[in-house]
Participant: 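Could you have a look at this structure, given as structure tokens, before my questions?
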Amino acid sequence: MEHTLNVYNSLKRQKEVFNPINEGHIGMYVCGPTVYSDVHLGNCRTFVSFDIIYRYLMYLGYRVRYVRNITDVGHLVGDVDTGGEDKIAEKARLEQLEPMEVVQKYMNGFHDMMKVFNTLPPSIEPRATGHIIEQIEMVQSIIDNGYAYVKNGSVYFDTIKFAKENDVYGKLSGRIIEDLISESRDDLKNQDEKNHPADFAIWIKASPTHLMRWNSPWSVGFPGWHLECSAMSTKYLGKTFDIHGGGNDLKFPHHENEVAQNHGACGCAPANYWLHTNMLLMNGRKMSKSEDNSITPQELFTGESSHISKGYSPMMIRFFMLQSHYRSTLDLTDEALQAAEKGYKRLMEANKSLQALAYNGKDTEGALDKEINQLIDLVYTEMNDDFNTPKALARLFELVPKANGLKDGHLSFDEITSYTLDRLKSTFQVFIYDIFGLQDEDFGGEEGNEAVDGLMKLIIDIRQSARANKDWGTSDKIRDTLNALEIKLKDGKDGTSWSKN
RNA sequence: GGUCGCGUGGCCGAGUGGCUUAGGCACUGGUCUGCAAAACCAGGUACAGCGGUUCGAAUCCGCUCGCGACCUCCA
């Protein structure tokens, strides 16, 4: 692999050269959603970020096994000992549905939304309920290794013992072990089943009325949250794999506990590189339903929200996400969305023009040739630097005037070689569609349907005749009427083109 | 309260010691156009505040203010 890829490893808190365990292959596990409600826009950002990472790794030539789970049991509302209820079970009770109906409903919705945002499906999408046996086996291994204890049919991970014996716990999330240990004094009053508040359930005994229940050596119950990821990543990617990803907010306790479980079960670290995406904000603050500062993907598409002035298309939002780095927070505002929308259209239109260019120069290398090639090189350099999509995008935007200039005749083909034009074309094509995962949303251009294209050609011809006769009334009427239909005509030197707004 | 992170021009958003004009949007001037749009060319505004380190800091350190994340469910 000729590119050197650098990634920011949360575990080390620094950028590192990426080296996979097996040359040419990558195992990547990303924590998926708990399917107990409609998918949150913030989730979408995380999965779009990892989609781009997945796409870029494949572009680099790696064979990637991308595992993204569905958590459909074990994720509690509140804590075990304080009467916390399983999220799915709670929803099932409230909506009077079978838990699996709840799961299916929101999982379908999640998949639909992922498709709308044009994310590639993962290689494997395992579900926690489909891996109860694996989880039971892992609990047993942890018990056998002395890092878990049984209390009244539930099994708890012995965090304190693990932390004392291994210099691992807290490394990922930056916890201080001494603080965790001393925490116990404050919480003694809670009459926990747990020996220590930092311990966590890996198997939970179900109450008589609980909807989620499986047989186990310890009780009829269900597995704890965190465990499904440890068990399933091990099953499909091995005890130690390359990349583990997820939202920043999962670092603690979820990921920290995952690391502990894997060590507890097999004495080794689950992943070499940990990648965490940052949060999506709205109007500078975190999204919060209770403070009326939130928006659903649907509302964003339709514009039916007091926070935005109009609807924005899924691809436009994907582009908006590309404009910030995955490790930075991204602030969603109406103004920012409008700006991004224009930028998105400019990029897509420029690419359309670029792809239509036919080389007619003298195949000589001028200053322009060199400049274009340098910018193209930079696009790749930026992506290799921890998937820096905003910078890669900036370089593409610097190439936009070159492409448009060649089209308009401001720039001459004589200044570049045919090779460079081809390289420019393929760079745009590959980045926009294959790596950034954007899609054309209008029905204009070559991809449009034949009837519409034919009609538009006819209309444009009629208007050209009118213009030739200086019949500005007819000419402008056509343009204005089409404009009202959100079809924009653009008169250029070599004729009129059109695009859908 | 504890731990960690952030605060960049009108808006969004990269950049982490000495030219980055980052980029997008908006704005201004020009070219092109029947007019317009698009496109192209050119232009301005910045590094939260205060203090320190340094020959030199938006970039390192300290303090203050503001915001956020985690510590309890969260991508």
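All chains are named by letter (A, B, ...) in the order of the sequence lines, taking the proteins before the strands, and each is independently numbered beginning at 1. Excluded from the calculations below are hydrogen atoms, water molecules and symmetry mates; all remaining heavy atoms, backbone and side chain alike, are included.
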Participant: Would you mind classifying the nucleic acid contact of A:His325 as base, sugar-phosphate or nothing, using non-hydrogen atoms under 4.0 angstrom?
Facilitator: sugar-phosphate
Participant: With a 3.5 Å limit on both atom pairs, tell me what B:G10 is paired to, counting Watson-Crick and G-U wobble, or say none.
Facilitator: B:C25
Participant: OP1 or OP2 of B:G68 less than 4.0 angstrom from a side-chain nitrogen or oxygen of A:Arg285, does that happen here?
Facilitator: yes
Participant: Which heavy atom in A:Met456 sits nearest to a heavy atom in A:Ile487, and how many Å separate them?
Facilitator: CE-CG2, 3.9 Å
Participant: Using 30° and 60° as the class boundaries, would you call the ring planes of A:Phe319 and A:Tyr344 parallel, tilted or perpendicular?
Facilitator: tilted
Participant: Rounded to whole angstrom, note down the P distance from B:A26 over to B:A38.
Facilitator: 8 Å
Participant: When the P atoms of B:U59 and B:U16 are considered, how many whole Å apart are they?
Facilitator: 13 Å
Participant: OP1 or OP2 of B:A75 sitting under 4.0 Å from any side-chain N/O of A:Asn248?
Facilitator: no
Participant: Counting only heavy atoms not in A:Asp167, do more than 12 sit closer than 6.0 Å to its CG atom?
Facilitator: no
Participant: Between B:G49 and B:U8, how many Å separate the two P atoms, rounded to a whole number?
Facilitator: 10 Å
Participant: Rounded to whole angstroms, how far apart are CZ on A:Phe387 and P on B:A14?
Facilitator: 17 Å
Participant: My understanding is that a pair needs two contacts under 3.5 Å, Watson-Crick or G-U wobble. By that rule, which nucleotide pairs with B:A58?
Facilitator: none
Participant: Would you indicate what A:Leu396 reaches in the nucleic acid, counting non-hydrogen atoms under 4.0 angstrom: base, sugar-phosphate, or nothing?
Facilitator: nothing
Participant: Looking at A:Arg13 and B:C4, is any side-chain donor or acceptor paired with a base atom of the opposite kind under 3.5 Å?
Facilitator: no
Participant: With both distances under 3.5 Å as the test, what is the Watson-Crick or G-U wobble partner of B:G5?
Facilitator: B:C67
Participant: Should the side chain of A:Asp491 and the base of B:A36 be counted as holding a donor-acceptor pair, with the cut-off at 3.5 Å?
Facilitator: yes
Participant: What contact category does A:Asp476 fall into here, base, sugar-phosphate, or nothing, at under 4.0 angstrom with non-hydrogen atoms?
Facilitator: base
Participant: Counting distance alone, no hydrogens or angles: does the base of B:G34 have a donor or acceptor under 3.5 Å from a partner atom on the side chain of A:Ser475?
Facilitator: yes
Participant: For a quick check under 3.5 Å, do A:Asp369 and A:Asn373 share a side-chain donor-acceptor pair by atom type?
Facilitator: yes
Participant: What does B:C19 pair with, Watson-Crick or G-U, if both distances are under 3.5 Å?
Facilitator: none
Participant: Using Watson-Crick or G-U wobble geometry with both distances below 3.5 Å, tell me the partner of B:U53, or none.
Facilitator: none
Participant: Of A:Lys402 and A:Glu398, whose nearest nucleotide on RNA chain B comes first from the 5' end?
Facilitator: A:Glu398
Participant: With a 4.0 Å cutoff (strictly under), does any side-chain N or O of A:Ser497 reach OP1 or OP2 of B:A38?
Facilitator: no
Participant: Using 30° and 60° as the class limits, which term best fits the ring planes of A:His244 and A:His255: parallel, tilted or perpendicular?
Facilitator: perpendicular
Participant: A:Leu482 has an atom CG; how far is it from atom C1' of B:A36, in whole Å?
Facilitator: 14 Å
Participant: Can a side chain N or O of A:Asn278 be found less than 4.0 Å away from OP1 or OP2 on B:C6?
Facilitator: no
Participant: Can you check whether A:Lys490 has a side-chain N or O nearer than 4.0 Å to OP1 or OP2 of B:A39?
Facilitator: no
Participant: Determine whether a donor-acceptor pair (one donor, one acceptor, N or O, separation below 3.5 Å) exists between the side chain of A:Arg346 and the base of B:A38.
Facilitator: no
Participant: Rounding to a whole Å, what distance do you find between A:His40:NE2 and B:C73:P?
Facilitator: 17 Å
Participant: Answer yes or no as to whether B:G34 has its base stacked against A:Trp472, where stacking requires a ring-centre separation under 5.5 angstrom and planes under 30 degrees apart.
Facilitator: yes
Participant: Measure the shortest side-chain to side-chain distance between A:Lys87 and A:Trp225 over non-hydrogen atoms and say whether it is less than 4.5 angstrom.
Facilitator: no
Participant: B:A75, B:G15, B:G34: which one has an atom nearest the side-chain heavy atoms of A:Lys391?
Facilitator: B:G15
Participant: Could you check how far CG of A:Asn257 sits from P of B:C71, rounded to whole Å?
Facilitator: 11 Å
Participant: Provide the distance between the two P atoms, one in B:U45 and one in B:G10, to the nearest whole Å.
Facilitator: 11 Å
Participant: Using purine N1 to pyrimidine N3 plus N6-O4 or O6-N4 for Watson-Crick, or N1-O2 and O6-N3 for G-U wobble, both under 3.5 Å, which nucleotide pairs with B:C40?
Facilitator: B:G30
Participant: Taking A:Arg318 for its side chain and A:Asn118 for its backbone only, find out whether a donor-acceptor pair lies under 3.5 Å.
Facilitator: yes
Participant: Work out how far the C1' atom of B:C71 is from that of B:G18, and round it to whole angstrom.
Facilitator: 41 Å
Participant: On RNA chain B, compare the nucleotides closest to A:Tyr344 and A:Gly42; which residue's is nearer the 5' end?
Facilitator: A:Tyr344
Participant: Write down the distance separating the C1' atoms in B:G9 and B:A48, rounded off to the nearest Å.
Facilitator: 13 Å
Participant: For a quick test of reading the model: is some side-chain N or O of A:Lys342 closer than 4.0 Å to OP1 or OP2 of B:A26?
Facilitator: yes
Participant: Can A:Lys345 and A:Glu349 be said to form a salt bridge (charged side-chain N to carboxylate O under 4.0 Å, His left out), step by step?
Facilitator: CA-CA 6 Å; A:Lys345 284 180 177 165; A:Glu349 286 296 311; over 6 Å; no
Participant: Would you indicate what A:Ala336 reaches in the nucleic acid, counting non-hydrogen atoms under 4.0 angstrom: base, sugar-phosphate, or nothing?
Facilitator: sugar-phosphate
Participant: Base, sugar-phosphate or nothing for A:His410? Non-hydrogen atoms, less than 4.0 Å.
Facilitator: sugar-phosphate
Participant: Rounding to an integer number of Å, can you tell me how far A:Arg467 CZ sits from B:A36 P?
Facilitator: 13 Å
